Protein chains: 2
Amino acid sequence: MGRLPVYQRILEEVLRAGTTTVSSELLGSLARVNAAKVRKDLSMLGSFGTRGAGYDTAFLIEQIDRELGLNHVWPVVIVGIGNLGRALAHSQGFAARGFRVVALLDTDAAIVGESVGDVTVRHLDDLEAIVSEQPLAIGVIATPASAAQRVADLLIEAGVRSLLNFAPKVLTVGPEILLRYVDLSIELQIMSFYQSRMVAPGGDGSMPVIRSIGLTSTGVD
Amino acid sequence: MGRLPVYQRILEEVLRAGTTTVSSELLGSLARVNAAKVRKDLSMLGSFGTRGAGYDTAFLIEQIDRELGLNHVWPVVIVGIGNLGRALAHSQGFAARGFRVVALLDTDAAIVGESVGDVTVRHLDDLEAIVSEQPLAIGVIATPASAAQRVADLLIEAGVRSLLNFAPKVLTVGPEILLRYVDLSIELQIMSFYQSRMVAPGGDGSMPVIRSIGLTSTGVD
DNA sequence: CGATGTGAAATGCTTCACAGCA
DNA sequence: TGCTGTGAAGCATTTCACATCG
């Protein structure tokens with residue numbers, strides 16, 4: 001369920017603001033979804049809301065963590081330490097959750113050896129050696145498009161099962177690999193699509209309400 | 001339809017490789033979706049496939065461009081010129097499509113005045129002046145979480161209707177604003193979710209096939 | 001009373017299967 | 001013959017509405 005991480009982010013902010021109880025109404029309005037949908041989503045993890053009151057914020061966060069598999073720690077490798085790779089490496093989104101960046105790789109001699117955060121950039125050729133010490137679960141591809149496919153192949157060969165691709169390149173991988181794209185150009189096109197829909201004459205002058213939010217994922221067969 | 005930009009990216013790569021005709025089968029396998037789904041999607045733009053042959057690659061690209069509103073040129077502003085903002089500004093994804101980065105904003109005196117690409121970074125306070133010369137359609141927020149809400153408010157006040165938020169912060173905006181999140185932490189959590197699903201015992205030892213791909217969007221009311 | 005949890009209805013999306021055309 | 005275009009069937013998701021409980 002692609003909405004759970006969104007709820008979780010909201011709950012954390014709500015909790016930090018000192019609100020220890022949330023209603024499906026509030027959570028829904030922050031996530032821009034229907035309150036009934038929130039309840040249905042949450043009911044799949046069990047039923048620990050309190051009728052008349054709502055959900056206990058902290059407890060709900062724990063439950064979602066568990067459902068998302070965030071009680072594991074996932075070792076992450078980032079390949080391509082340009083501006084984007086650096087931004088990703090610095091992102092506290094990694095550390096804050098159960099993701100540990102255990103390797104940064106590049107092929108540029110000017111970059112290899114540099115320290116980003118508390119990890120030293122190593123050469124892509126060291127991948128095999130790195131994997132032999134420590135398995136890698138998730139590979140983040142932040143290289144130029146031209147290198148992306150080769151990097152993907154190398155990562156898969158090294159045992160990585162999940163790829164997050166930031167390069168503007170369509171990748172070909174086996175069906176057993178979990179692959180997601182984060183593509184700025186595609187994001188902008190989606191916005192463009194909705195915006196042109198909004199501007200387009202709909203008959204009356206009323207503006208449709210956009211409830212798009214977040215990044216949804218597709219299913220598992 | 002959130003899959004159109006994905007098809008379009010694939011078609012461009014296919015065309016560059018010299019293939020002037022694609023079947024729904026091929027397009028589907030590259031996009032990791034069912035061929036029937038491809039045909040249904042494309043049939044919504046009209047019917048210009050050739051039975052027995054497939055679709056003309058170049059023509060299809062044009063049609064999708066039109067559907068996505070890419071015959072317009074969308075003026076884009078990026079706020080927050082750190083590593084991420086720079087990466088976004090340099091991304092050829094902008095220039096290649098109908099998106100023109102017309103302004104880069106920051107509040108750091110050490111950054112304001114710097115040139116990134118062929119655009120000079122200006123101070124966030126200049127926003128009003130910039131808008132008076134030229135309207136802005138899409139705002140990209142690449143600031144730290146702490147600044148994101150304020151920036152969003154300022155952009156909306158300046159007439160921006162669509163926001164693409166890279167900051168790890170839940171934003172509160174009016175219902176008339178199109179808002180999308182690109183959140184690394186959320187992306188990783190989604191991968192984590194699917195991966196733990198794959199690893200989790202499903203009864204037999206067989207691995208489910210993951211066909212997740214791309215960034216889908218949600219609907220318009 | 002107020003808000004959850006959940007059948008049931010409504011809606012939307014995906015897949016099938018095949019007629020129809022180049 | 002090969003592949004598109006599309007009803008119709010099959011699923012999944014969303015929403016409604018309300019019984020239920022703290």
Side-chain angles (χ1 to χ4, degrees), chain A residues 1-4 6-7 11 14 19-57 59-60 63-64 67 190 193-194 197 208-221, chain B residues 1-4 6-7 11 14 19-57 59-60 63-64 67 190 193-194 197 208-221:
Chain A
M1 178 62 57
R3 278 185 301 266
L4 284 182
V6 177
Y7 295 153
L11 289 169
V14 161
T19 311
T20 60
T21 278
V22 289
S23 65
S24 58
E25 193 75 38
L26 172 61
L27 190 45
S29 77
L30 289 172
R32 298 183 135 198
V33 299
N34 192 303
K37 200 187 294 187
V38 172
R39 292 200 296 276
K40 261 273 157 63
D41 287 345
L42 296 183
S43 74
M44 307 201 80
L45 327 181
S47 64
F48 23 76
T50 310
R51 296 175 192 228
Y55 300 87
D56 182 89
T57 313
F59 187 68
L60 199 47
Q63 297 310 310
I64 294 179
E67 178 74 11
I190 291 173
F193 171 73
Y194 283 121
R197 270 296 139 89
V209 178
I210 304 285
R211 53 176 180 71
S212 164
I213 198 175
L215 306 167
T216 46
S217 69
T218 54
V220 176
D221 285 326
Chain B
M1 180 60 59
R3 277 185 303 266
L4 285 182
V6 177
Y7 296 153
L11 289 168
V14 161
T19 311
T20 59
T21 279
V22 289
S23 66
S24 59
E25 192 74 38
L26 173 61
L27 190 44
S29 76
L30 290 173
R32 298 184 134 197
V33 299
N34 191 302
K37 199 188 293 187
V38 172
R39 293 199 295 275
K40 261 273 156 62
D41 287 345
L42 296 182
S43 74
M44 307 200 79
L45 326 181
S47 64
F48 24 75
T50 310
R51 297 176 190 228
Y55 300 87
D56 182 89
T57 313
F59 187 68
L60 199 48
Q63 297 310 309
I64 294 178
E67 179 74 10
I190 291 173
F193 171 73
Y194 284 122
R197 271 295 138 91
V209 178
I210 304 285
R211 51 175 181 70
S212 164
I213 198 175
L215 306 166
T216 46
S217 67
T218 54
V220 176
D221 285 324

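Both backbone and side-chain heavy atoms feed into the values below; hydrogens, waters and symmetry mates do not. In the text below, chain A, chain B and the rest are named by the order of the sequence lines, each starting its count at 1. Note that the structure is a prediction, hence the values are computed from the model and not measured.
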Side chains of A/V22 and A/L30 in contact at under 4.5 Å (non-hydrogen atoms): no
Could you tell me whether the side chain of A/V6 reaches within less than 4.5 Å of the side chain of A/V33, counting heavy atoms only? no
What is the separation between atom [atom1] on [X] and atom [atom2] on [N], rounded to the nearest whole Å?
| X | N | atom1 | atom2 | result |
| --- | --- | --- | --- | --- |
| A/K37 | C/dG12 | NZ | C1' | 12 Å |
| B/M44 | D/dG7 | CE | P | 12 Å |
| A/R39 | D/dC16 | CZ | C1' | 10 Å |
| A/L27 | C/dA3 | CG | P | 14 Å |
| B/Q63 | D/dT4 | CD | C1' | 16 Å |
| B/Y55 | D/dG2 | OH | C1' | 13 Å |
| B/D56 | D/dC3 | CG | C1' | 15 Å |
| A/D41 | C/dT4 | CG | P | 13 Å |

Ignoring hydrogens and angles, tell me if any N or O in the side chain of B/T57 forms a donor-acceptor pair with the backbone of B/T21 under 3.5 Å. yes
Any donor-acceptor N/O pair under 3.5 Å between D/dT14 base and A/K40 side chain: no
Between A/A36 and A/G52, which has a closest nucleotide on DNA chain D that is more 5'? A/A36
Please determine if a side-chain N or O atom of [X] lies less than 4.0 Å away from the OP1 or OP2 oxygen of [N].
| X | N | result |
| --- | --- | --- |
| B/N34 | C/dC13 | no |
| A/S23 | C/dA3 | no |
| A/R51 | D/dT20 | no |
| B/R3 | C/dT14 | yes |

Taking C/dC18, D/dG22, C/dT4 as options, the one with an atom nearest any side-chain atom of A/T50 is D/dG22
Apply side chain to side chain contact (heavy atoms under 4.5 Å, CB included) to residues B/K37 and B/R3 and explain how you reach the verdict. CA-CA 10 Å; B/K37 199 188 293 187; B/R3 277 185 303 266; 3.4 Å; yes
Measure the CG-CZ distance between B/L27 and B/R39 for me, rounded to the nearest 0.5 Å. 11.5 Å
